[in-house]
Structure formats: C-alpha cells, structure tokens
Amino acid sequence: MLYKFSIAGISFEIASIALLLHGGVGLAVISGYLALHVVSSALFALAIALVVPERYRHPRVWLLAYLFFFNFFIPVAGLLCAVVALAVGVLWPKDEAEDHFDTTESPEFVTVRRREGSGFSGNRVRAQLGNLATPVDKRLNALVAIQSTPTHASGESLRNLLADPADDVRLLAYGILDGKEKKITQRIVELRSRLETTAESETRAIMHQQVAELYQELIYQNLVQGDLLNYSCAQMREHAKAALAINEEQPGLWFMLVRLELMTGDAGGAAQALQSAYEHGFSRTRLLPYLAELSYLERDYEQVRKLFIEMAYNPSVSSNPQLHRFWRHGRRTIANRPDANRGPA
C-alpha cells in the first residue's frame, strides 16, 4: 500500500504541475490543478501515515488531517519536509522519562542479624566502663562513644553503670537509657492518639504496624524490663495482630510475631506465626533458626538436629559456630532438664 499510495500521489502531483505550467490561464486550469493537488495530498497523507512511528499515529484523524493540509498548502516542499521530519522522528526519537526506568521484581524481605557490639569496639569499651580504676574522664569518653550504639548491644553495660560510684558516669548512663526510651515512647503516644481519630482502614493498618515496630524497639533494645517488658510484649502483639487483621499479606509482621512468641515461650503462637510468615512469602532459609528454636521449645531434639543440618552456617545469621557444630555433628542425647524450655540461641 505504501508504494501504491506514493506512486499514485507522485503521478497526480506531476499531472497537476504539468497542467498548471502548460494548460494556459483560466478558471478551468486552476480548478483542475486544485483537484489533482487535493488527490495527491490525500494520497501522500495516507502513504506517510503508514510509516509514522506508533506513538505518533493517534489520534489517526488528526494525523491524516495534519499531513493532508501540510502537503496541500506547501506543494512539493511540504512532502520533502514531511519525509525529513519522519526520518528525524525515527532516527532521533523524543527522550521520554519512562525510557530511563525499567521494572523489576520486588526484593525478598530478609533479616540480617548484626553481631553484637559491631557498632563500637565492644570488648575494649566494656573493659573501660567496668574497670573502676580507669580514670572517670576516659570512662565518660567511652560512654559518649557508645551512646549512638543500639541498646541491644550496649544495654547491659549501661544498666550496670546505674549503680556506679561515680556520679557523672551514673547520671550519663541513666540519661542515655532514659533518652532513648522517651524518644520511642513519645512516638508511640503520638501514633496511638492519631489512631483514635483515623477511620480509613489502610491508614490504620500502617499505623498499627508502626506502633508494633516501636514496641519491638523497646523490647529488643533492652529499654524495658519487668512489668514494662510484659506490657510492651502484649501491646506489640495486639497492634501487630490488628494490622494483620486488616491486611494479612505482611510477612515482616508475621516474622515480628515469631520472634515475640519465641521470646515469651509461647510455642503454639510461635508455630502459627512461623507457618503464616512462610505462607505469605517469608524466606524459609531465614526461618530455619527460629524453626530450630521452636523445635527446642517443644523438646523435639531430633528435629533440631535436622534443621541445623539443613541450615548452612552463616555469620550474618548466627554468631555462634559452636552451636552449629554441636547440633550438626553431636551424637549425645540431651536429657530433659529444668531449663529445657529455653531457646538454643
């Protein structure tokens, strides 16, 4: 069709020009020229529309109208300009913003456990803080060095200093712990007050998740103890389940419940959370240590050994290679002990 339209258009255009040049002067000549030129313009418009890039073809009526009038009002030169413009559009297309991006699959949610004390030179700082013979200024410098370290790693050292004989050390340690706890609890209070005035379900799910994560911070950074720890666990469980009741497709929240239930020793709740986390896309490889801990809570020691055999030792997952060697290669039978309900890690 392209060749047919092009050859026919050229023929009509040559005929119109020949009539105009050799037909003399008069209304009949002008009318004949215009009639032939209209036909050639329409044929050229149809021919060019066939090779126009896909993104320029719509709306088709306006494209044909534009090409027709362009060829009609600029005889010969209009056709040349249209061909040049078409070549430019094909060889140097317009740079679209979406051309710079591509789609990819969402990354798999994983957790990586950092080794304790990785945020500071652990043993040296602990030695300085625990040695009362160390000058107070050096101990204060050590405290300042660990104030930005996650309390999960430094909490024990900070709490030991609450009974330190040096007032400056004791007050600074208390200030660090109290400041971190107040920062999180203030955020919890703000979110819970907003929850009372929010009706949209998706927003409430997000806010319940955020509150649960903040309680998780209080727990796993060792910022709460005793009754406050029990209260924080209950609140974390309540808000996590409230978020999951709205949208259960959240493997990260299920995993939070896994850790919570194992920490509190609830084997049934941990088993349910583990199953739900796996069903909603959480990596089984990352769940293996927690499956092993659940089996230990249930005193299924043979299953613990099988899981450790399946679990390749990875320093990012466990910092205790002796534990892996014991369960993977040990042949001793573990007797029932009063502390058998404690986890392996």
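Hydrophobic clustering of Ile, Leu, Val, Met, Phe, Trp and Tyr side chains at less than 4.5 Å, counting indirect connections, unites L191 with M256. Linking ILVMFWY side-chain heavy atoms closer than 4.5 Å, directly or via other members, places V189 and L195 in two distinct hydrophobic clusters. Under the 4.5 Å side-chain contact rule for hydrophobic residues, L244 and I206 do not share a cluster. Hydrophobic clustering (side-chain heavy atoms under 4.5 Å, transitive across Ile, Leu, Val, Met, Phe, Trp, Tyr) keeps I246 apart from L253.
A 4.5 Å side-chain heavy-atom check between V304 and L307 finds every atom pair outside the cut-off. Looking at heavy atoms from C-beta onward, H239 lies out of side-chain contact with M207 at the 4.5 angstrom threshold. Two residues are said to be in side-chain contact when any heavy atoms from C-beta on lie closer than 4.5 Å; E298 and Q303 fail this criterion. Here the side chains of V38 and F68 are in contact, with some heavy-atom distance below 4.5 Å.
Atom-to-atom distance recorded for K182:NZ and L223:CG is 13.0 Å, nearest 0.5 angstrom. Between the OH atom in Y290 and the CG atom in L274 there is a gap of 10.0 Å [rounded to 0.5 Å]. Rounded to the nearest 0.5 angstrom, T264 OG1 and L229 CG are separated by 9.5 Å. Taking CG of D266 as the reference point, atom CZ of R237 lies at 6.5 Å (rounded to 0.5 Å). Residue F282 holds its CZ atom at 14.0 Å from CD of Q275, rounded to the nearest 0.5 Å. Rounding to the nearest 0.5 angstrom, the gap separating the CD atom in Q210 from the CD atom in E190 is 11.5 Å.
Side-chain atoms of R192 and Q235 form a donor-acceptor pair, as typed in the model, at a separation below 3.5 Å.
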Verdict with reasoning, M263 to C233, per side chain to side chain contact (heavy atoms under 4.5 Å, CB included):
CA-CA 9 Å; M263 187 191 75; C233 289; 3.3 Å; yes
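Side chain of R284 to main chain of Y278: no donor-acceptor pair is present (N/O by atom type, distance under 3.5 Å, no hydrogens or angles).
Other residues, nucleotides and ligands contribute at most 12 non-hydrogen atoms within 6.0 Å of the CD atom of E202. Annotation: Q272, atom CD; neighbour count of heavy atoms from other residues, nucleotides and ligands within 6.0 Å does not exceed 12.
When all heavy atoms are compared, the tightest approach of Q250 to A243 is NE2-O, 3.7 Å. Scanning both residues, S232 and L218, for their nearest heavy atoms gives OG-CD1, 4.3 Å. Pairing each heavy atom of A267 with each of L294, the nearest pair is O-CD1, 3.4 Å. Contact detail for I184 and L214: the closest heavy-atom pair is CG2-O, 3.5 Å.
Under a cutoff of 6.0 Å and an axis angle of 45°, R286 and F255 do not form a cation-pi pair.
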